[in-house]
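Below is one structure, written out as structure tokens, with a few remarks after it.
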Amino acid sequence: MQFGQHAAASRTIIHISDTHLLADGVLLGGQYDTSANLRAMLARIERVEGASAIVVTGDLTDLGEPDAYRELARLVEPVAQRMGVPVVWVAGNHDERPAMRRDLLGEDPSQRAIRRAFDLDGLRLVALDSTVPGWHHGEIDEEQIAWLREVLSEPAPLGTILALHHPPLPSHVPMFDILELRNQPALAEALDGSDVRAILAGHLHYSMSGSFAGVPTFVAAASCYTMDVARPAREVNGMDAGQSFHLVHVYDDQVTSTVVPVDAADPADFFTPEWYARVEAMTPEERLEFFSRKRA
Ligand SMILES: [Fe+2]
Ligand SMILES: [Fe+2]
């Protein structure tokens, strides 16, 4: 169905971030039920049609506990299987590489960066590891920059989407820049002239978009808790509300990111399958008259 200027999106990626799971159902900060909040998000995600992948941009667990990774897999993987999509796991500063490798990815534990490239039927998705073991700030090490350059040296049919935890964007929240991604100029240089069409990130616990080295950059909020950025700068704090995920739509010449709140209410019943069928059956003139004409 195309009645406008853009052909339908060729790929839809579900972008989640900052699940911060804890082992044994322990509440994060004594108040956030990270497991229940993720389950609520997944119940909404499972209704999305036509997705190509689920990308989780880091801080998968809060403390890097083996049981938290196993719980994460237990919650997310059946949903992904029913939807028929792969899950792309990205490491965040709260993760621990050895446990993430062993208990989530089923690999030998090691401190090597967890970076890899996926082929989503012609769309390349590159997951980088911006974590620095022992620290909460981020950095893409030289080995990964070199690897990224190598991967990007050959363009992909539908271009590339980059996913990493620490966004290469400024945050207006005081002190967050202490935990920012360092060596952003090196990353920008690696992207220069490449086929990277969008960057997906997390870490901030609030939704944000910007542009890095000319590439649209989308930050998904969190499933665990979000930052209430409506408060005065020095009083911004976490809240058990506002959780959301993003739908990233890849078009021929655009990439868009749509924020989807987990909270929902019973929808209205104006748009029905019958309504769509009726509009579809109209001539272009009838459709414009019916759906665009203002009526007094
Ligand atoms: Fe986080
Ligand atoms: Fe983080």
Side-chain angles (χ1 to χ4, degrees), residues 11-23 34-62 64-109 113-131 156 158 160-165 198-203 218-224 243-250 257-258 260 262:
R11 300 286 179 277
T12 302
I13 293 165
I14 293 167
H15 177 197
I16 315 176
S17 204
D18 293 76
T19 45
H20 280 262
L21 284 201
L22 284 158
T34 58
S35 179
N37 288 353
L38 176 58
R39 285 198 304 271
M41 181 177 282
L42 290 169
R44 296 270 283 155
I45 285 171
E46 197 161 351
R47 306 200 53 167
V48 174
E49 287 178 328
S52 302
I54 296 174
V55 178
V56 194
T57 47
D59 284 357
L60 309 174
T61 66
D62 194 58
E65 299 160 300
D67 279 347
Y69 286 111
R70 285 195 277 267
E71 169 76 353
L72 184 63
R74 201 182 62 76
L75 292 178
V76 176
E77 276 165 8
V79 173
Q81 261 165 30
R82 286 194 293 272
M83 296 176 76
V85 299
V87 184
V88 174
W89 301 108
V90 179
N93 52 294
H94 280 263
D95 290 303
E96 295 295 336
R97 288 171 178 172
M100 181 173 159
R101 278 187 183 277
R102 188 187 57 211
D103 300 294
L104 184 64
L105 306 176
E107 300 171 2
D108 289 339
I114 299 171
R115 44 84 169 151
R116 53 204 65 192
F118 300 81
D119 176 10
L120 304 176
D121 265 339
L123 176 69
R124 182 163 54 200
L125 208 148
V126 174
L128 290 178
D129 186 338
S130 60
T131 71
L158 296 178
T160 297
I161 290 188
L162 208 61
L164 77 174
H165 181 65
I199 299 172
L200 312 183
H203 189 51
F218 306 114
V219 179
S223 71
C224 60
Q243 286 89 348
S244 61
F245 60 95
H246 290 207
L247 294 179
V248 178
H249 286 112
V250 180
S257 182
T258 301
V260 187
V262 174

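Note that this is a predicted model, so its numbers are computed, not measured.
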>> Applying side chain to side chain contact (heavy atoms under 4.5 Å, CB included) to H203 and V219, what does each step give before you reach the verdict?
In response: CA-CA 8 Å; H203 189 51; V219 179; over 6 Å; no
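- For the pair R11 (side chain) and A53 (backbone), a donor-acceptor distance under 3.5 Å is absent.
- Partner of L42 under the side chain to side chain contact (heavy atoms under 4.5 Å, CB included) criterion, out of L75, T19, N37: L75 alone.
- Considering only heavy atoms from C-beta on, S223 stays 4.5 Å or farther from V56 through its side chain.
- From I114, atom CD1 reaches atom CG of D95 across 7.5 Å, with rounding to the nearest 0.5 Å.
- Within the model, atoms CG of L104 and CH2 of W89 stand 5.0 Å from one another, a figure rounded to the nearest 0.5 Å.
- At least one donor-acceptor pair under 3.5 Å links the side chain of R44 to the backbone N or O of V262.
- Of all heavy-atom pairs spanning G64 and A99, the tightest one is O-CB, 3.4 Å.
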>> Let's go through L38 and E71 carefully: what are the C-alpha distance in whole Å and the side-chain angles of both, what is the deciding distance for side chain to side chain contact (heavy atoms under 4.5 Å, CB included) to 0.1 Å, and is it a yes or a no?
In response: CA-CA 11 Å; L38 176 58; E71 169 76 353; over 6 Å; no
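- Counting only N and O atoms by type, the side chains of N93 and T131 include no donor and acceptor under 3.5 Å apart.
- Of the possible polar contacts, one joining the H15 side chain to the A201 backbone as a donor-acceptor pair under 3.5 Å is found.
- Atom CD1 of I54 and atom CD1 of I13 lie 11.5 Å apart (nearest 0.5 Å).
- Put simply, the side chain of E96 never gets that close to the backbone of E65: no donor and acceptor are under 3.5 Å apart.
- Of all the heavy atoms in D67 and A23, the pair that sits closest is CB-CB, 3.7 Å.
- In this structure, T61 OG1 and L22 CG are separated by 8.0 Å, a value rounded to the nearest 0.5 Å.
- Taking 4.5 Å as the limit, every side-chain heavy atom of V85 sits out of range of all side-chain heavy atoms of I14.
- With values rounded to the nearest 0.5 angstrom, Q243 atom CD is found 11.5 Å from D18 atom CG.
- At a threshold of 4.5 Å between non-hydrogen side-chain atoms, the residues L200 and H246 do not count as touching.
- For H20 and T34, the side-chain atoms include no donor-acceptor pair closer than 3.5 Å.
- Under the 3.5 Å distance criterion, the side-chain polar atoms of H165 are matched with a main-chain donor or acceptor of T57.
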>> Would V250 and L158 count as a side chain to side chain contact (heavy atoms under 4.5 Å, CB included) here? Give the steps.
In response: CA-CA 9 Å; V250 180; L158 296 178; 5.5 Å; no
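- Here CG of L120 is found 5.5 Å from CG of L125. Values are rounded to the nearest 0.5 Å.
- The local environment of CZ in R82 is crowded, with over 12 non-hydrogen atoms from other residues, nucleotides or ligands closer than 6.0 Å.
- Across A221 and S17, no two heavy atoms sit closer than the pair O-CB, 3.2 Å.
- Looking at D103 and R70, a side-chain N of the basic residue comes within less than 4.0 Å of a carboxylate O on the acidic one, giving a salt bridge.
- Partner of I16 under the side chain to side chain contact (heavy atoms under 4.5 Å, CB included) criterion, out of V87, V55, I45: I45 alone.
- Contact record, A222 with M41: O-CE, 4.1 Å, taken as the closest heavy-atom pair.
- When all heavy atoms are compared, the tightest approach of P98 to P109 is O-CB, 3.5 Å.
- In plain terms, the two heavy atoms of V90 and L164 that are nearest each other are CG1-CA, 3.9 Å.
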